[in-house]
Number of protein chains: 2
Amino acid sequence: MIGAGEPVTSEQLAQAMATNPVVVRRVMAGLREQGLVRSEKGHGGGWTLARDPTDITLADIYRAVGAPTIVAMGHRSENPGCLVEQAVNDALSGAFREVEALFMKRLGAVTLDALAKDFRRRLAKHKQSLEDQIHAVK
Amino acid sequence: MIGAGEPVTSEQLAQAMATNPVVVRRVMAGLREQGLVRSEKGHGGGWTLARDPTDITLADIYRAVGAPTIVAMGHRSENPGCLVEQAVNDALSGAFREVEALFMKRLGAVTLDALAKDFRRRLAKHKQSLEDQIHAVK
DNA sequence: TATCATGTAACTTCATATGTTACATGATTG
DNA sequence: CAATCATGTAACATATGAAGTTACATGATA
């Protein structure tokens, strides 16, 4: 299974999430720079986790890839000439910090390991449900 | 001044924020639907506040125009077929609710009146600084 | 009735995320 | 060493949505 031992190729990951290998590499490059994953070239190469999955949280991933994309709110222009914008920024700068802090705290509470466990539970249930359907038809 | 008594035209607003009158109307249309502003046609027409500025907060405005744009985070697909997506959604749905609630609370604490007062303060300071520069040159 | 302002549809940029192609680099295998 | 496999990356194509623009209808005022 992905993430356990054997390297996974961008090709496999792309197929699993219905996208393109190059897109996968782009995203993974961010994760690698943050030391979350490793990549190896050549035969038997691909991506592996660089840290224990109990030690990687969604906060790490967010910092590596999500920050510019997901926090589209807040932080417009930092030093606007517009006085209205200045007033709004001033009134909300503390709020944005608070909101972001809470968000990061919640992201930090979710480990890859926990997600993987939940995923496996869902997968088992999914398979079971498929089998039930087959039996029902028979 | 804008917002006090006399209606303000989309033309004036557009000029004040360096954009287009039609764009202004589009945004203001959302505010009007929420009962925050009124519009009048013809001579002397334009936009006026529909409620007391002490009674309008950024939360009202956010609900009227910002929700789809600003909360680009969270709420991807509601019922994804992807089991990984399901696991992540499940792990974070509570978090998103919390974060959004805090955000709304902070927005709700900022009234238009407070912003207007702060704006006027900045405007006065700005003018003062301009005059100082003139004196310095002389 | 002439003018002014909103209301809106339709179209045109513009920016950005995503997808795609092509090729270079490095690692493994026989 | 040559063939193959996989990442690394640049360059380009496509799709989406926000913002800007044009044009015209509607209604209000003088």
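Proteins come first, then strands; the chains are lettered A, B, ... in the order of their sequence lines, and each starts at number 1.
Here B:His126 pairs with A:Leu83, B:Leu130 under the side-chain contact (heavy atoms from CB on, under 4.5 Å) rule; sequence neighbours left out. Checked against salt bridge (Lys or Arg N to Asp or Glu O under 4.0 Å), B:Arg121 has the following partners two or more places apart in sequence or in another chain: B:Asp118. For B:Ala59, the side-chain contact (heavy atoms from CB on, under 4.5 Å) partners are B:Thr57, B:Arg63, B:Met104, B:Leu107, not counting sequence neighbours. When the side-chain contact (heavy atoms from CB on, under 4.5 Å) test is applied to A:Arg32, the partners found at least two apart in sequence or on another chain are A:Ala29, A:Val37, A:Ser39, A:Trp47. The salt bridge (Lys or Arg N to Asp or Glu O under 4.0 Å) search around A:Arg51 returns A:Asp55, A:Asp60, not counting sequence neighbours. Every residue was checked against the salt bridge (Lys or Arg N to Asp or Glu O under 4.0 Å) condition with A:Arg97, not counting sequence neighbours, and none meets it.
Side-chain N/O atoms of A:Ser39 include none lying less than 4.0 angstrom from OP1 or OP2 on D:dT7. For D:dT7, the OP1/OP2 oxygens have a side-chain nitrogen or oxygen of A:Ser10 closer than 4.0 Å.
Separating the CE atom of B:Met28 from the P atom of C:dA5 is a distance of 15 Å, rounded to the nearest angstrom. Here D:dA25 presents its C1' atom at 8 Å from NZ of B:Lys41, a figure rounded to the nearest Å. Note: CD (A:Glu6) to P (C:dT28) measures 13 Å, nearest angstrom. Between the P atom of D:dG8 and the CZ atom of A:Arg38 lies a distance of 13 Å, rounded to the nearest Å. Per the geometry, CD belonging to A:Glu40 stands 9 Å off C1' belonging to C:dA27, to the nearest Å. Per the geometry, CE belonging to A:Met17 stands 12 Å off P belonging to C:dT18, to the nearest Å. One atom, CG of B:Leu13, and another, C1' of C:dA5, lie 12 Å apart when rounded to the nearest Å.
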Between protein and nucleotides 1-3 of chain D, what N or O pairs are separated by less than 3.5 Å?
none

Identify each atom pair where a protein N or O and an N or O of nucleotides 21-23 of chain D are less than 3.5 Å apart, giving names and distance.
residue, atom, partner, partner atom, Å
D:dT21, OP2, B:Asn20, ND2, 3.0

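Within the nucleic acid shown, B:Gly46 comes within 4.0 Å of sugar-phosphate atoms alone, with no base atom in reach, counting heavy atoms only.
Looking only at distances, no side-chain donor or acceptor of A:Glu33 sits under 3.5 Å from a matching main-chain atom of A:Gly30.
Using modelled atom types and a 3.5 Å distance limit, the side chains of B:Asp132 and B:Gln128 yield a donor-acceptor pair.
Listed by first then second residue, pairs satisfying side chain to side chain donor-acceptor pair (under 3.5 Å) with a partner in residues 103-113 of chain B read A:Glu98-B:Arg106, B:Asp113-B:Lys117, not counting sequence neighbours.
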